[in-house]
Amino acid sequence: MTLAAALADEETARRIQLVLEYDRQPPFDSGAPERADKTKVQDVLARRSPLIAMAKAQAEQARARLAL
């Protein structure tokens with residue numbers, strides 16, 4: 001996370017940390033949605049919404065196949 005902050009900026013590093021939910025020995029306290037800034041959580045969810053929707057659709061397709 002320190003390298004990400006150095007290469008980009010601290011806000012980007014915090015978003016990366018939140019997406020990865022990296023909370024082992026964090027340089028920032030953004031590794032879990034419960035502790036991250038609420039605007040960052042909303043930003044990450046908005047950016048990842050297409051992937052979340054795709055994962056949900058694929059899970060539903062798998063569930064439907066298994067139900068047969």
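We use all heavy atoms of the structure for the numbers below, so side chains are in, but hydrogens, waters and symmetry mates are not.
The distance from atom CD of Glu21 to atom CZ of Arg35, rounded to the nearest 0.5 Å, is 9.5 Å. Considering CZ of Arg15 and CG of Asp37, their distance stands at 10.0 Å, rounded to 0.5 Å. The line from OG1 of Thr12 to CD of Gln17 is 12.5 Å long, rounded to the nearest 0.5 Å. Atom CD of Glu10 is separated from atom CE of Met1 by 12.0 Å, given to the nearest 0.5 angstrom. The CG atom of Leu7 sits 4.0 Å away from the CG atom of Leu3 when rounded to the nearest 0.5 Å.
Across all non-hydrogen atoms, the minimal contact from Pro33 to Leu18 is N-CD1, 3.7 Å. For Ala13 against Ala4, the heavy-atom pair with the smallest separation is CB-CB, 4.0 Å. Between Glu34 and Lys38, the shortest heavy-atom distance links the atoms O-NZ, 3.9 Å.
A salt bridge between Lys56 and Glu60 is absent, with no side-chain N of the basic residue lying under 4.0 Å from a carboxylate O of the acidic one.
The only member of Asp43, Leu51, Val44 that meets side chain to side chain contact (heavy atoms under 4.5 Å, CB included) when paired with Arg47 is Asp43.
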